[in-house]
Amino acid sequence: MAKRDLSSFFETYLEKDQLFQNKGALLANYVPECVDYRDEQIEAVAQILAPALKQDKPSNLFIYGKTGTGKTLSVQHITAQMLEIAEKKEIQLHITYLNCKLKKVADTEYRLVAELARDFGRTIPPTGLPTDEVYKLFFDSLDKRKGIIIIVLDEIDQLLKKAGDEILYNLTRINSELKNSQVAIIGISNDLLFTEGLDARVKSSLSEEELVFPPYNALQIQNILRQRSDEAFKKDALEQGVIEKCAAYAAREHGDVRRAIDLLRVAGELAERQNCVKVQIEHLDAAEDKIERDRIQDTVMTQPKQHQACLFSIITLFEHQDPKKKRPYGLTGEVYDVYKEICRKVGLRPLTQRRISDLITELDMLGIINAKIISKGRFGRTREIQLSIPSSTKPKIIKILQESLGI
DNA sequence: GTCAATTCACATGAAAGAGACCACGGTCTAGTG
DNA sequence: CTAGACCGTGGTCTCTTTCATGTGAATTGACGA
C-alpha cells in the first residue's frame with residue numbers, strides 16, 4: 001500500500017504544474033549575464049585593472065561595500081572578461097580568486113599562502129611545513145610565471161581578524177622580490193572601517209585605489225529581482241506585489257540583494273510544496289520565517305559539544321527559572337553554575353568560566369542569543385543574556401541539543 | 001547633600017600549553033635476486 | 001640491495017587554561033553646608 005501511495009505521489013508530482021522553470025537563476029552561485037546598476041563601479045575597476053593587459057602592474061585595489069551589493073559578482077565579471085581577452089591575444093595574465101572566509105581554506109596565513117601556491121600548480125600539504133617554506137614555494141612558482149598576476153582576496157576582513165596583517169604586509173612586499181612577474185592585489189571587504197585597524201605601511205601600499213559599492217535602493221532591487229524571477233519562474237507564477245514586498249524586505253536589510261533572492265526562492269519552494277498556482281505574499285512571510293528557523297537549527301546542530309552544552313545551560317536556566325524572580329535574562333555566573341551541573345550530568349569536562357565567557361560571546365555573534373554587557377554597580381559587571389530563538393523553534397532546538405548531548 | 005574612593009563580578013587580553021594532524025629524513029626490517 | 005614500515009623531530013592549528021589587567025556604576029563614608 002505504501003508503495004502505491006508513493007508512486008502515485010511521484011506521478012502527481014511529475015504532473016504537477018511547476019512554478020519554476022529554472023531554479024538555478026535564484027541560487028547563490030548563479031552568475032548572470034550582466035551586472036545591473038554597477039556600470040560605474042565596473043568601469044572604474046576595469047580602468048584600474050586595464051594596465052594588466054599591457055603587461056604593466058595595475059594599482060592595488062580595495063573594494064568596500066555591504067554584503068549583497070554585487071562586489072564579488074562585478075569583480076568576477078571583469079576578471080572573466082580580462083582573461084578571455086588575454087587568452088585571445090596571448091597575454092601573460094593570471095588571476096586568482098580566493099575567498100578568505102571559507103573555513104579550512106584560507107583563514108590563516110599558512111592556508112592562504114598554501115592555497116595561492118596550489119593555484120600556481122604546487123602541491124602543498126595541509127599542514128606540517130613551516131610557513132616561510134610555503135612562502136618560498138609560492139614565490140618560486142610566482143617567479144616562474146612571466147607577466148602580471150592579480151590576486152583577488154574576497155572577504156579580506158575575515159582573514160585579517162583571524163590571522164593579523166602580517167600576511168598582507170608580506171604580500172605587498174612580494175613585488176620587490178620577483179624578477180619576472182608583478183603582482184597586484186584586489187581586496188574585497190564588507191567592513192567599511194576595515195582599514196582603520198591596519199598597519200600604516202600595509203594600508204598605504206594596499207589601498208592605492210579605493211572603491212565603494214553603495215547598496216542598491218529598493219527600486220533597483222525590484223528590477224534585479226524581476227529579471228531573475230523572469231528567468232527562474234514560469235510566466236505569471238508570481239502574484240502581484242510579491243516582488244515589491246521582497247525588495248522592500250531587502251532594502252530594509254541595507255540593500256542586500258542576495259538575501260532578497262534567497263527569500264524569493266524559498267517562497268517559491270514553499271508555494272510549490274503547497275500546490276499553489278502562484279507565489280503569494282503569505283509565502284514570503286513564511287519564507288522569511290523558514291530561512292531564519294533553518295539558519296538557527298543549522299548553526300545549533302553544527303556547533304561543538306561545549307558550545308551546545310553552553311547553549312543548553314542558557315535554555316535550562318530559563319526553563320527552570322524560579323517563577324518569582326521573573327527576569328527575562330540570565331547572568332554569566334548563573335549560566336556557568338547551570339553549565340557545570342549539566343557537564344556533571346552528561347559527563348563532560350567543564351571548561352573554565354573564562355572560556356564560557358568566550359562561548360557566550362560566540363553564541364551572541366551567531367545570533368542565537370543576545371548578550372549585552374551591563375554594569376550593576378556595586379554588584380559587578382556581567383552580561384545580560386537573552387535567548388533570541390523564536391519560541392516556535394525552541395522545542396526543536398531543545399530536542400536537538402538533548403539528542404546531541406545525550407540527555 | 002555632594003563627591004571621591006571603594007567594590008563587585010565579571011569582561012577582556014595575552015601568553016602559553018595540550019593534543020591532533022602532518023611532512024620529512026633517518027633507521028630498521030624483510031623480501032628479492 | 002632496496003622498498004616499505006616505523007620512529008623522532010619539528011611544524012601548524014584549534015581549543016583551553018592561567019594569569020593579569022580593565023571596567024562601570026551602585027554603594028559607602030568622609031566632608032562641608
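The sequence lines fix the lettering, A, B, ..., with proteins before strands; numbering per chain opens at 1.
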Student: Would you please name every residue forming a side chain to side chain donor-acceptor pair (under 3.5 Å) with A:Lys376, sequence neighbours left out?
Tutor: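 None.
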Student: Under the rule for side chain to side chain donor-acceptor pair (under 3.5 Å), what residues qualify as partners of A:Asp358, not counting sequence neighbours?
Tutor: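 Checked A:Asp358 against side chain to side chain donor-acceptor pair (under 3.5 Å); matches are A:Arg354.
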Student: Not counting sequence neighbours, which residues clear side chain to side chain donor-acceptor pair (under 3.5 Å) with A:Asn223? List them please.
Tutor: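 Side chain to side chain donor-acceptor pair (under 3.5 Å) check on A:Asn223 returns A:Tyr37.
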Student: Could I get the full list of side chain to side chain contact (heavy atoms under 4.5 Å, CB included) partners for A:Lys345, not counting sequence neighbours?
Tutor: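 Scan of A:Lys345 (side chain to side chain contact (heavy atoms under 4.5 Å, CB included), adjacent residues dropped) gives none.
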Student: Rounded to whole Å, please give me the gap between CG in A:Leu137 and P in B:dC24.
Tutor: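 Result: 9 Å.
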Student: Counting only heavy atoms and a strict 4.0 angstrom limit, can you tell me which residues of residues 344-360 of chain A come near DNA chain B?
Tutor: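 Contacting residues: A:Gln353, A:Arg354, A:Ser357.
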Student: Mind running a 4.0 Å heavy-atom check of residues 304-312 of chain A against DNA chain B and sending the residues that fall below it, in number order?
Tutor: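 Result for residues 304-312 of chain A: none.
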Student: For nucleotides 23-29 of chain C, give me one character per nucleotide, 5' to 3': B if any protein heavy atom sits under 4.0 Å from the base, S if the only such contacts are to the sugar-phosphate, - if neither.
Tutor: BBBBSS-
Student: Examine B:dA11: is either OP1 or OP2 under 4.0 Å from a nitrogen or oxygen in the side chain of A:Thr361? Give yes or no.
Tutor: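 A:Thr361 to B:dA11 OP1/OP2: no side-chain N or O under 4.0 Å.
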Student: Between A:Tyr64 and A:Phe213, does the ring centroid distance fall short of 6.0 Å?
Tutor: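 No - the distance between ring centres of A:Tyr64 and A:Phe213 does not fall below the 6.0 Å cut-off.
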Student: Whole angstroms only, please: what is the CD1-C1' distance between A:Ile373 and B:dA9?
Tutor: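 It is 13 Å, rounded to the nearest whole Å.
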Student: Cut-off 3.5 Å, no hydrogens considered: what does the side-chain donor-acceptor table look like for residues 393-407 of chain A, sequence neighbours left out?
Tutor:
unit_1: A:Thr393; atom_1: OG1; unit_2: A:Pro390; atom_2: O; d: 3.4
unit_1: A:Lys394; atom_1: NZ; unit_2: A:Glu319; atom_2: OE2; d: 3.3
unit_1: A:Ser404; atom_1: OG; unit_2: A:Gln308; atom_2: OE1; d: 2.3

Student: The criterion is side chain to side chain contact (heavy atoms under 4.5 Å, CB included); which residues satisfy it with A:Glu155, sequence neighbours excluded?
Tutor: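 Side chain to side chain contact (heavy atoms under 4.5 Å, CB included) check on A:Glu155 returns A:Asn99, A:Lys101, A:Asp157, A:Gln158, A:Asn190.
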Student: Nearest whole angstrom, please: distance from the P of B:dA9 to the NZ of A:Lys372.
Tutor: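 Value for this atom pair: 20 Å.
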Student: Kindly write out the residues that satisfy side chain to side chain donor-acceptor pair (under 3.5 Å) with A:Arg355, not counting sequence neighbours, or none if the list is empty.
Tutor: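 Expected list: none.
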Student: If the condition is salt bridge (charged side-chain N to carboxylate O under 4.0 Å, His left out), which residues does A:Asp285 pass it with, not counting sequence neighbours?
Tutor: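 Expected list: A:Lys245.
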Student: So, using side chain to side chain contact (heavy atoms under 4.5 Å, CB included) as the criterion, who are the partners of A:Glu231 when residues are at least two apart?
Tutor: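 Expected list: A:Asn22, A:Ala25, A:Tyr30.
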